[in-house]
J.: 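Dropping the structure in here first, questions after.
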Amino acid sequence: MTSASFHPATGPARRTVVAAASAAGLTAVLAACSGSDDDASSDTGAAPDSASRDAGSGGEGAGAGAALATTADIPEGGGKVFPDRKVVVTQPAAGEFKAFSATCTHQGCAVKSVSDGVINCPCHNSSFSITDGSVQGGPAPKPLPAVQITVSGDSIRLAG
Ligand code: FES
């Protein structure tokens, strides 16, 4: 005698939850305001960024027409090279400002420094007068070309 007892598989009562996704339709709320709603960029509310007008680090990313330097940046009897603008500004005498191309006429290196009344090219040691850009030493064949600047108040700008 075999008594086979069958246990009906009691499967888990599956509760089918039908999430009635209430399709909320497409209610496109068009908040169309017909006014041009661009951001009125007023400068007055901006936080004052560090006013980097002091002499010293010449790292200003100045655009065209922006001041190149202030007169206080240029030492009397010397000058300062502005590599970004490829120009060197000098003050051979008090209140007299000149500017020259910072590209050496020898082989096109950028002049690097101004000392002892001359503008120095580091590549082959040419030197140029801070007064008129003329060659004072080294292999450079020609003077540094003059660059036009305007000085208004204490602000020095490239002309044109
Ligand atoms: S490139 Fe200036 S001295 Fe040669």
Side-chain angles (χ1 to χ4, degrees), residues 19 21 23-160:
L26 294 174
T27 47
V29 181
L30 295 175
C33 44
S34 59
S36 63
D37 197 18
D38 55 335
D39 50 326
S41 57
S42 59
D43 294 330
T44 51
D49 44 33
S50 57
S52 59
R53 287 198 60 204
D54 54 334
S57 62
E60 72 264 10
L68 180 66
T70 64
T71 53
D73 292 336
I74 314 302
E76 184 183 338
K80 185 176 179 184
V81 180
F82 296 86
D84 292 349
R85 301 295 195 89
K86 295 183 169 58
V87 69
V88 53
V89 179
T90 63
Q91 186 180 185
E96 181 188 348
F97 294 92
K98 306 259 180 136
F100 305 95
S101 166
T103 303
C104 181
T105 56
H106 179 223
Q107 289 184 1
C109 285
V111 299
K112 184 84 172 172
S113 63
V114 182
S115 61
D116 298 327
V118 294
I119 302 161
N120 303 297
C121 177
C123 287
H124 314 93
N125 296 319
S126 286
S127 57
F128 305 88
S129 165
I130 63 169
T131 303
D132 58 8
S134 60
V135 178
Q136 301 297 300
K142 292 186 300 185
L144 291 177
V147 170
Q148 293 300 311
I149 53 172
T150 58
V151 181
S152 61
D154 66 349
S155 178
I156 301 174
R157 295 168 188 272
L158 292 176

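Computed from a prediction, not measured in an experiment: that's the story for all the values here. Whatever order the structure lists them in is the order used to number ligands and atoms, beginning at 1. Side-chain atoms are counted along with the backbone in the values below, which use heavy atoms only and exclude waters and symmetry mates.
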J.: Cys109-Cys123 sulfur separation below 2.5 Å?
T.: yes
J.: What salt bridge (Lys or Arg N to Asp or Glu O under 4.0 Å) pairs are there with at least one residue in residues 115-132, not counting sequence neighbours?
T.: none
J.: What residue pairs, at least two apart or across chains, pass salt bridge (Lys or Arg N to Asp or Glu O under 4.0 Å) with a residue in residues 88-104?
T.: Glu96-Lys98
J.: Does Ile74 offer a backbone N or O that forms a donor-acceptor pair with the side chain of Gln91 under 3.5 Å?
T.: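 Confirmed, Gln91 side chain pairs with Ile74 backbone.
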J.: Please list, chain by chain and in numerical order, all residues satisfying side chain to side chain contact (heavy atoms under 4.5 Å, CB included) with Ser113, sequence neighbours excluded.
T.: Asn120
J.: Could you grab the protein N, O or S atoms closer than 2.8 Å to atom 2 (Fe) of ligand 1 for me?
T.: Cys104 SG, Cys121 SG
J.: Test your reading of the model: is there a side-chain donor-acceptor pair from Thr90 to the backbone of Pro92, 3.5 Å cut-off?
T.: no
